[in-house]
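In what follows, a structure is listed as structure tokens, so that the remarks can point back to it.
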Amino acid sequence: MPGRLLRGLWQRWGRYKYRFVPWIALNLSHNPRTLRYVPEESKDKVISDEDVLGTLLKVFQALFLNDFNKQSEILTMLPESVKSKYQDLLAVEHQGVKLLENRHQQQSTFKPEEILYKTLGFSVAQATSSLISAGKGVFVTKGLVPKGAVVSMYPGTVYQKYEPIFFQSIGNPFIFRCLDGVLIDGNDKGISKVVYRSCNGRDRLGPLKMSDSTWLTSEIHNPLAVGQYVNNCSNDRAANVCYQEFDVPAVFPVELKQYLPNIAYSYDKQSPLRCVVLVALRDISQGEELFSNYYTIVS
């Protein structure tokens with residue numbers, strides 16, 4: 001019995017150590033697999049940043065319009081040109097829709113995963129992984145994910161490589177390391193959760209939220225924010241998605257930042273916010289689980 005327990009603990013450590021920052025720091029020169037590797041002759045972009053931005057804006061705008069009746073506080077702070085843009089979009093969206101018998105009835109809203117399906121043609125969600133002892137995984141629940149589509153986002157607090165993350169890393173398998181050493185803590189429990197909520201409250205400007213914290217709850221507003229639960233591929237499960245880093249541009253609409261599932265640990269207006277998306281490497285059918293590589297190599 002003790003030997004069996006020790007073997008189980010050793011196996012868990014073998015899977016976890018590549019996400020444990022102190023272990024990574026001590027073993028950088030001994031084990032290059034702790035780093036995401038992209039050879040010089042390759043590229044680390046499967047799709048362009050413009051395509052990533054276009055997808056996020058498309059989904060976030062649809063979420064905003066779906067929740068339009070609850071955005072009144074935010075709308076009061078926006079320029080008239082922006083307000084009229086959404087009023088026009090809302091009018092176009094409802095052209096041809098049959099009028100309700102009760103014209104004063106409040107506009108019906110869809111669930112976020114339904115908005116994702118209506119916008120991109122697919123939806124994703126967490127469920128028990130098909131891998132033994134893997135816990136949660138992410139599945140395509142409806143529709144078809146085309147090759148090159150942004151299929152999810154990796155949420156969490158963004159740390160620059162010089163910022164402390166020792167205590168957050170203890171017992172935490174959700175720390176993602178970017179190519180330049182930037183870290184994203186995608187844990188939705190414990191000290192990681194507390195830190196994210198604190199930063200989220202710090203950066204808020206009145207009714208304007210600079211990030212989304214609902215991925216820490218069971219009521220997720222951004223249906224793409226499940227990337228931290230995408231499991232790494234195994235010997236018998238090939239990767240069908242890969243990570244791609246994306247810096248949010250300064251021109252990103254302020255009213256849509258409420259759906260960004262990332263926030264910087266240190267408040268720095270000069271550095272763009274780092275996000276990581278997962279991009280489909282092939283067409284992914286309904287019912288399939290998403291699997292990624294720990295590190296990215298793109299020829």
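Owing to the predicted nature of the structure, the values given are computational and were not obtained by experimental measurement.
Aromatic pair Tyr117/Phe110: ring centres not closer than 6.0 Å.
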Do any side-chain atoms of residues 156-166 form donor-acceptor pairs under 3.5 angstrom with protein atoms, and if so which ones, sequence neighbours left out?
unit_1	atom_1	unit_2	atom_2	d
Tyr159	OH	Gln168	NE2	2.9
Glu163	OE1	Gln160	N	2.8
Glu163	OE2	Ser266	OG	2.2

task = Any chance you could lay out the salt bridge (charged side-chain N to carboxylate O under 4.0 Å, His left out) test for Lys257 and Asp212, step after step, and finish with the verdict?
result = CA-CA 8 Å; Lys257 289 185 176 181; Asp212 172 36; over 6 Å; no
request  = Start with the C-alpha distance between Thr76 and Ser72, add both sets of side-chain angles, then the distance that settles side-chain contact (heavy atoms from CB on, under 4.5 Å), and finish with yes or no.
outcome  = CA-CA 6 Å; Thr76 59; Ser72 56; 5.6 Å; no
task = Verify side-chain contact (heavy atoms from CB on, under 4.5 Å) between Lys136 and Asn231, making sure each step is shown before the conclusion.
result = CA-CA 8 Å; Lys136 294 181 180 179; Asn231 286 302; over 6 Å; no
task = Evaluate the side-chain contact (heavy atoms from CB on, under 4.5 Å) criterion for residues Arg237 and Ser130: first the C-alpha distance (whole Å), next the side-chain angles of each, then the deciding distance (0.1 Å), finally the verdict.
result = CA-CA 10 Å; Arg237 306 292 177 91; Ser130 59; 2.6 Å; yes
Trace of the side-chain contact (heavy atoms from CB on, under 4.5 Å) decision for Val52 with Leu56 = CA-CA 6 Å; Val52 174; Leu56 297 186; 4.2 Å; yes
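Taken together through direct or relayed side-chain contacts under 4.5 Å among Ile, Leu, Val, Met, Phe, Trp and Tyr, Phe68 and Met77 form part of one hydrophobic cluster. In the hydrophobic clustering of ILVMFWY residues, with side-chain heavy atoms under 4.5 Å counting as a link, Ile191 and Leu216 come out apart. In the hydrophobic clustering of ILVMFWY residues, with side-chain heavy atoms under 4.5 Å counting as a link, Phe246 and Phe252 come out together. Tracing side-chain contacts under 4.5 Å through hydrophobic residues (I, L, V, M, F, W, Y), one reaches Val151 starting from Leu57; they form part of the same cluster. Tracing side-chain contacts under 4.5 Å through hydrophobic residues (I, L, V, M, F, W, Y), one never reaches Phe139 starting from Leu131; they form parts of separate clusters.
Residues satisfying the salt bridge (Lys or Arg N to Asp or Glu O under 4.0 Å) criterion with Asp203, sequence neighbours excluded, are absent altogether. Among residues two or more places apart in sequence or in another chain, the salt bridge (Lys or Arg N to Asp or Glu O under 4.0 Å) test is passed with Asp283 by none. Applying the salt bridge (Lys or Arg N to Asp or Glu O under 4.0 Å) test to Arg197 and every residue at least two apart in sequence or in another chain returns nothing. Shown here are the side chain to side chain donor-acceptor pair (under 3.5 Å) partners of Lys83, two or more places apart in sequence or in another chain: Glu80.
Under the 3.5 Å distance criterion, the side-chain polar atoms of Asn200 are matched with a main-chain donor or acceptor of Ser211. Side chain of Arg202 to main chain of Tyr265: a donor-acceptor pair is present (N/O by atom type, distance under 3.5 Å, no hydrogens or angles). At least one donor-acceptor pair closer than 3.5 Å links the side chain of Asn262 to the backbone N or O of Tyr154. Using a distance-only test at 3.5 Å, with no hydrogens or angles considered, no donor-acceptor pair links the side chain of Glu113 to the main chain of Ala125. A donor-acceptor contact shorter than 3.5 Å links the side chain of Glu288 to the backbone of Ser285. Of the possible polar contacts, none joining the Glu245 side chain to the Cys178 backbone as a donor-acceptor pair under 3.5 Å is found. At distances below 3.5 Å, not a single donor-acceptor pair connects side-chain atoms of Asp188 with backbone N or O atoms of Pro155. At least one donor-acceptor pair under 3.5 Å links the side chain of Thr141 to the backbone N or O of Ser123. For the pair Gln126 (side chain) and Gly137 (backbone), a donor-acceptor distance under 3.5 Å is absent. Checked by atom type and distance alone, the side chain of Gln286 pairs as donor or acceptor with a backbone atom of Gly143 at under 3.5 Å.
Looking at Gln244 and Lys45, their side chains come closer than 4.5 Å, going by heavy atoms from C-beta outward. Residues Thr214 and Thr217 form a side-chain contact, since some pair of their non-hydrogen atoms from C-beta on lies under 4.5 Å apart. With a 4.5 Å cut-off on side-chain heavy atoms, Leu120 and Thr55 count as touching. Side-chain atoms of Phe291 and Val241, non-hydrogen and from C-beta on, never get closer than 4.5 Å to each other. Side chains of Leu183 and Phe176 form no contact here, defined as non-hydrogen atoms less than 4.5 Å apart. Residues Pro261 and Ile220 form no side-chain contact, since every pair of their non-hydrogen atoms from C-beta on lies 4.5 Å or further apart. Side-chain contact between Arg274 and Asp180: present, with at least one pair of heavy atoms (C-beta onward) separated by less than 4.5 Å. Counting only heavy atoms from C-beta outward, the side chains of Asn222 and Met153 approach each other to under 4.5 Å.
Summarising the geometry of Cys233 relative to Ala238, their closest heavy-atom pair is CB-C, 3.9 Å, with the distance given to 0.1 Å. The two residues Asp185 and Ser192 come nearest to each other via the heavy atoms OD2-OG, 2.5 Å. When every heavy atom of Leu260 is checked against every heavy atom of Cys275, the shortest pair comes out as CD2-SG, 4.4 Å. When all heavy atoms of Pro112 and Pro223 are compared, the closest pair comes out as O-CG, 3.4 Å. A pairwise comparison of heavy atoms in Pro173 and Gly171 identifies CD-O, 3.5 Å as the closest pair. In terms of heavy atoms, Val145 sits closest to Ala280 at CG1-CB, 3.7 Å.
Note: Phe174 and Tyr229 have perpendicular aromatic rings, judged against thresholds of 30 and 60 degrees for the angle between ring planes. The aromatic rings of Tyr259 and Phe60 sit tilted relative to each other, their planes meeting at an angle between 30° and 60°.
Rounding to the nearest 0.5 Å places CG of Asp247 at 9.0 Å from OG of Ser271. With values rounded to the nearest 0.5 angstrom, Gln71 atom CD is found 9.0 Å from Leu78 atom CG. Put simply, CG on Leu290 and SG on Cys242 are 12.0 Å apart, with the number rounded to the nearest 0.5 Å. For the atom pair CG of Asn172 and CD1 of Ile170, the computed distance is 10.0 Å after rounding to the nearest 0.5 Å. Note that CG of Leu208 and CD of Glu73 are 9.5 Å apart. Values are rounded to the nearest 0.5 Å. Atoms CD and CG, on Gln258 and Leu256 in that order, are 7.0 Å from each other to the nearest 0.5 Å.
The stretch residues 185-207 participates, sequence neighbours left out, in these ring pair (Phe, Tyr, Trp, His ring centres under 6.0 Å) pairs: Tyr196-Trp215.
Looking only at atom types and distance, the side chain of Tyr86 has a donor-acceptor partner in the side chain of Glu255 under 3.5 Å away. If you check the side chains of Glu289 and Ser129, you find a donor sitting under 3.5 Å from an acceptor.
Taking the centre and axis of the six-membered ring of Phe122, the NZ or CZ atom of Lys142 falls outside the cone set by 45° and 6.0 Å.
Atom NZ of Lys147 sits in a sparse spot, with 12 or fewer heavy atoms from other residues, nucleotides or ligands closer than 6.0 Å.
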